[in-house]
Amino acid sequence: MKQSLPTIALIFLIGFTVHSQITQKIGDNPTTLNPFAVFETESTTKGFLPPRMTTVQRDAITPPPAGLTVYNTTTNTLQIYNGTVWLDYNLQREYIEVPKNGTITVSGTKSQSIFNAYCSNCNATVLLPYIVSNGVEHTIYNYGDGTITIKQAVRKTGEPEILLSASSGKDLITTPQFTIQPNRFVKVEFVNFGVNNTNKYFKGVWLIYD
């Protein structure tokens, strides 16, 4: 059966449209498509640049869909909404030594591993900051026979409180400070309670896993 030229053109157009709905590609080699991608970019000279906005502008997106990705210019972090909270996905980790009998304030924007040099009967102090990105975690190692005391930095007047909680078994006890005994280590993680509600009495909690 013969098909008219308009009919053939319509079939071709439909086929092209269906194919274009499967994969969209921008950049180099536009005809080389990944069959598992609905959208693909390719380049050896340029990168992918997501929307850039402040925290205030980000929070004005209501409600954000799970998976929404932005670059937060307030915290200088790439953030993805997981359906409940915004999470930072470019937190870096570095290794920092605590001065002997000294005090160090750990980072509030990137995860760190903290350790002290061997020191007989020394007592170093680690301060946990008040301004912290959600999900920041620090691992603190205590070598030798001294101790390391974990405390909170002073919060701003009128700002909501941050809890400092140490877990022991199933108990969660609020404490003003926590001491790491010799040859032990703990992990501290910040969970922001005020991500979606700035009127909460507590801003968040530093969880200490002993």
Side-chain angles (χ1 to χ4, degrees), residues 55 66-67 69 71-72 74-156 159-198 200-210:
T55 299
T69 303
Y71 184 84
N72 189 325
T74 301
T75 59
N76 291 321
T77 54
L78 183 69
Q79 297 182 323
I80 300 179
Y81 190 73
N82 70 353
T84 304
V85 297
W86 287 95
L87 299 177
D88 294 330
Y89 272 82
N90 60 333
L91 296 177
Q92 302 174 353
R93 180 175 291 275
E94 63 181 358
Y95 294 84
I96 303 294
E97 182 176 347
V98 181
K100 295 180 179 180
N101 287 317
T103 299
I104 185 172
T105 300
V106 295
S107 174
T109 59
K110 55 186 175 182
S111 298
Q112 297 172 319
S113 290
I114 313 298
F115 63 93
N116 61 330
Y118 183 85
C119 182
S120 179
N121 297 318
C122 288
N123 183 10
T125 300
V126 172
L127 291 180
L128 302 177
Y130 179 80
I131 304 299
V132 197
S133 298
N134 193 33
V136 166
E137 66 176 34
H138 301 295
T139 303
I140 305 171
Y141 301 87
N142 181 17
Y143 298 114
D145 59 4
T147 58
I148 296 179
T149 301
I150 301 175
K151 298 180 180 180
Q152 284 185 263
V154 178
R155 64 189 175 98
K156 296 180 181 179
E159 292 283 358
E161 185 177 354
I162 291 182
L163 297 175
L164 179 62
S165 298
S167 59
S168 177
K170 295 182 179 180
D171 299 325
L172 193 64
I173 305 171
T174 302
T175 176
Q177 64 182 46
F178 185 86
T179 301
I180 307 176
Q181 299 302 322
N183 297 309
R184 297 287 300 277
F185 73 91
V186 300
K187 184 181 79 171
V188 297
E189 178 183 13
F190 181 76
V191 179
N192 192 345
F193 291 158
V195 170
N196 296 315
N197 185 356
T198 57
K200 287 183 178 294
Y201 181 75
F202 294 111
K203 177 179 179 179
V205 58
W206 277 106
L207 294 174
I208 303 176
Y209 299 97
D210 182 19

pair Ile114-Ile96: side-chain heavy atoms closer than 4.5 Å: yes

Side-chain heavy-atom pair Ile150, Leu128 within 4.5 angstrom cut-off: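 The answer is yes, as the side chains (C-beta and beyond) meet within the 4.5 Å cut-off.
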
From Asn123, Leu127, Ile180, Thr103, residue fulfilling side chain to side chain contact (heavy atoms under 4.5 Å, CB included) relative to Thr149: Asn123

Could you check whether any side-chain N or O of [X] sits under 3.5 Å from a backbone N or O of [Y], counting only pairs where one atom can act as donor and the other as acceptor?
X      : Y      : answer
Ser111 : Glu137 : yes
His138 : Val188 : no
Asn116 : Tyr143 : yes
Thr55  : Thr74  : no

If you look at every heavy atom in [X] and [Y], which pair is closest and at what distance?
X      : Y      : result
Pro129 : Trp206 : O-NE1, 3.3 Å
Gln152 : Leu164 : OE1-CB, 3.3 Å
Ala66  : Asn82  : CB-C, 4.1 Å
Pro99  : Ile104 : CD-CB, 4.3 Å
Asn134 : Trp86  : ND2-O, 3.6 Å
Thr109 : Ser107 : N-OG, 3.0 Å

Side chain to side chain donor-acceptor pair (under 3.5 Å) evaluation trace for Thr77 with Asn72: CA-CA 5 Å; Thr77 54; Asn72 189 325; 5.2 Å; no

Centroid separation Tyr141 to Phe115 less than 6.0 Å: no

Test side chain to side chain contact (heavy atoms under 4.5 Å, CB included) applied to Gln181 and Thr147, step by step: CA-CA 5 Å; Gln181 299 302 322; Thr147 58; 4.1 Å; yes

Worked check of side chain to side chain contact (heavy atoms under 4.5 Å, CB included) between Val126 and Val98: CA-CA 8 Å; Val126 172; Val98 181; 4.1 Å; yes

Side-chain donor-acceptor contact under 3.5 Å, Asn121 with Asp145: no

Residue pair Phe190, Ile162: steps toward the side chain to side chain contact (heavy atoms under 4.5 Å, CB included) verdict: CA-CA 9 Å; Phe190 181 76; Ile162 291 182; 3.8 Å; yes

Gap between atom OG1 of Thr139 and atom CD of Gln112 - 0.5 Å precision: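 One finds 10.5 Å between CD of Gln112 and OG1 of Thr139.
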
